[in-house]
Every structure is written in structure tokens, then in C-alpha cells.
Amino acid sequence: MPIESTALLAGVPELMMLRLLQAQEMYGYEIVQAISSRTGGIVTPGEGVVYPLLHALEKEGALKSRRKTVNGRSRVYYALTGRGTKKLASLSGDWNALNSVVQKVLHAV
Amino acid sequence: MQFEVLSENLLKCGIAPQYVRRYLTELSEHLEDLTAEQRAAGFDPEDAAIRARARLGSDDELAGAMLAHKDFRSWAARAPLAVFGLLPPLVALLGGFTVLAPLVLCARETGMVTHGGINAPQWFRTSAAIACAVGNFAIAPSVALGFALLATCQRLRDLWPLLAILVIALLDLQFQATFPMLGHRGGALGINSGLWLFHLHGFSETWRLAATQLVLTLLPAFWLLHRRHATR
């Protein structure tokens, strides 16, 4: 069941996008499907709303894009840059720290 | 046109046209993928299109995602006073220098310029006259039209392009090339503000040129007002 609270998910799609794009270049639709399938549908970014996030990441230099035709379909593919790799490392660190303290609080007796 | 309402909303909220175009292009491509997915799941074309559009998100959701990023707003929307009040005279001056710079460079490099002034051959005088005509009758109207189109593309209030046109009209750049008879040294090539020339020489020597320039510069303003009247 997808998480309804957008506040709880703040920053999560961005982190996942960066991680996915670290492995390979992808286009928007592919990114949304990959996040949905890898999280078992728990995290499903809005189909159309991923683009402003991708464009913002590209504007800050974390991603680069290029138009590429594959199997006769032309799409914009995104890939991680050096700055994006650093951002991913930083966000991952923050996420792990946050996750660890939230777990502590939740499991405190 | 698909996403026409979304496009209009984003532009009216100040999102730069290049970001709007790109967003809509990628949304259209995403919608094609979603439709194909629905078709592969067994839905007929009409149902597939409806389901795909619903999955893409409502216009409000799609607009909200874009508007959450303030960086996507154009400079014209963020600082209209600077863009339409300060930039027009700078652009007009830059245009003027671009027109005259090749002639000035040419005169310097070919040794026409001496202590006694410019010893200009006929071809240079003709070129200078053409450059001044372009400067006097094309630059200010082109810059005014450019700012009118910029505001129209970005769905800004008419106030801003009218301000730009007013500033350009008040600046009233006048290009001058004056040379003595052939074979004589002397002469000058330059840009001046009509207001300054008026101050120096009085109304009689500059009014014809100033009036013609004013009418040409105001044409985009009439176009804007006509357009506004026609769309009501």
C-alpha cells in the first residue's frame, strides 16, 4: 500500500532518483516505474510530477540530460554528474542517520 | 492542444517559457508511454487514453509540482522593473554600438582617422549613412517589439512592455554621420540621445527624426493595445 503522507516522503523520491541514475541513465517514465517496482509500490512518485524535480536537479548540476532515440522512440535520458554523486553521498548519509535515530525512538521501551 | 490549460497557467504564474516547453514535451512523451502500458494491459484506445491521463496527474498537481521550484520563474516575472525599465536602454545602446563598431574599427584600421579628423572616401560615407539609417529607424522599434513579444510570450501585464517602450522612446537614440565635402578632412560618426540633442540644438533641427522614431517605436505599443482589445 503506497504511503499517503507526502511530508513523510519529502526528499525520498529525490534520493531514489539519484541512486537509480547512479547505476544507469534513464528517462522519466522508466524512473517512476523503477522506483515503484523496487519499493513494491510503497513509494510511487506522481507520474508527471517527477519532471520538475529532475529539471531542478539538472539545474543545480546534479544531473545531465540528453535526447536519445531507442527503438524508434526519442526521449530525454538523465544521468548522474560528479556533483550528483556527491549529493547522493550526502543525502544517503543524512538518510541513514535519520533512519537510525527514528528506529531508536520507535523501539525505545 | 494537449496541456494547453496547464501551459497557460504555468506561464501566467511566471514560469519561464523554456521550462514550460520542456515540461510539456516530457509530459507528452510520458503520456505516450502510459497509454501504451494501458493498451498492453488490454484496455481499448479510448479507455487507455483516459486511464493514462489520470495516472499522469491532474493539471493542478502538475502545475503545483512546477510552481514549487521558484528557480523556474523567468527574470521578467521575478524582477519586471529591472527587465523592462533598465534593460531596454542598455539593449538599444548595445545595438547601436554593434551597428557603428565595424565602421569605427574599419576607419581606424585603414588609416582614415588622423589628427585632422576622418578622411572618408565615398564608400565609407555611404556605409555610414546606411548604418545611421538602420540605427535611427530599426534599432529602437526592434528593441521595443522584442520587449513587447517577451512580455506577450510570458503572459505578463501590458504595463511592463509599455514601460519598456516608453523608456526607449524617451531615450530617443539618434545616430549621426556628418562629413565635409569629399577630399576634405573632418566629420564625425556617433550616437546621441534625442533629448540631449534637443537641449543642444533646439527643437527645429531634431524634431522630424525624433517624431518619426517616436511613431516607429510606439508601433509595438499600438499592437499590444490592439491585441488586448481583440482578445476581450
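Below, read A as the first sequence line, B as the second, and so on, with proteins coming before strands; counting in each chain starts at 1. Values below: all heavy atoms of this structure, side chains included; hydrogens, waters and symmetry mates excluded.
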For B:H69, is it the side chain, the backbone, both, or neither that has a heavy atom closer than 4.5 Å to a heavy atom of chain A?
side chain

Decide if atom CZ of A:R73 counts as having more than 12 heavy atoms of other residues, nucleotides or ligands within a radius under 6.0 Å.
yes

How about A:R67 and B:T25: do any of their side-chain heavy atoms sit closer than 4.5 Å?
yes

Could you state the interatomic distance from NE2 (A:H55) to CZ (B:F72), rounded to the nearest 0.5 Å?
7.0 Å

Between A:R75, A:E60, A:E30, which shows the greatest number of heavy-atom pairs under 4.5 Å with chain B?
A:R75

Option in B:E61, B:R22, B:R55 with maximal non-hydrogen atom pairs under 4.5 Å from chain A:
B:R22

If you define the side chain from C-beta out and look only at heavy atoms, does anything of A:Y29 sit under 4.5 Å from B:E29?
no

Looking at B:D33, B:L34, B:L27, which hits side chain to side chain contact (heavy atoms under 4.5 Å, CB included) with A:E47?
B:L34

When every non-hydrogen atom of A:V49 is compared with those of B:L62, the smallest separation belongs to N-CD2, 4.1 Å

If you compare all heavy atoms of B:H30 against all heavy atoms of A:V32, which two are closest, and at what distance to 0.1 Å?
CE1-CG2, 4.0 Å

Quick check on B:E46: does its CD atom have over 12 non-hydrogen neighbours (other residues, nucleotides or ligands) under 6.0 Å away?
no

With a 4.5 angstrom heavy-atom cut-off, which part of A:Q33 approaches chain B: side chain, backbone, both or neither?
side chain

May I ask you to check whether over 12 heavy atoms, not counting those of A:K68, lie within 6.0 Å of atom NZ?
yes

For A:P52 versus B:A65, what's the shortest heavy-atom pair and its separation?
CB-O, 3.5 Å

For chain B, find which of A:S74, A:A56, A:G28 contributes the most heavy-atom pairs closer than 4.5 angstrom.
A:A56

Closest non-hydrogen contact found for A:V76 with B:E26 is CB-OE1, 3.6 Å

Heavy-atom neighbours of A:R83 CZ exceed 12 at 6.0 Å
no

Surrounding NZ of A:K59 (heavy atoms of other residues, nucleotides or ligands, distance under 6.0 Å), is the total greater than 12?
yes

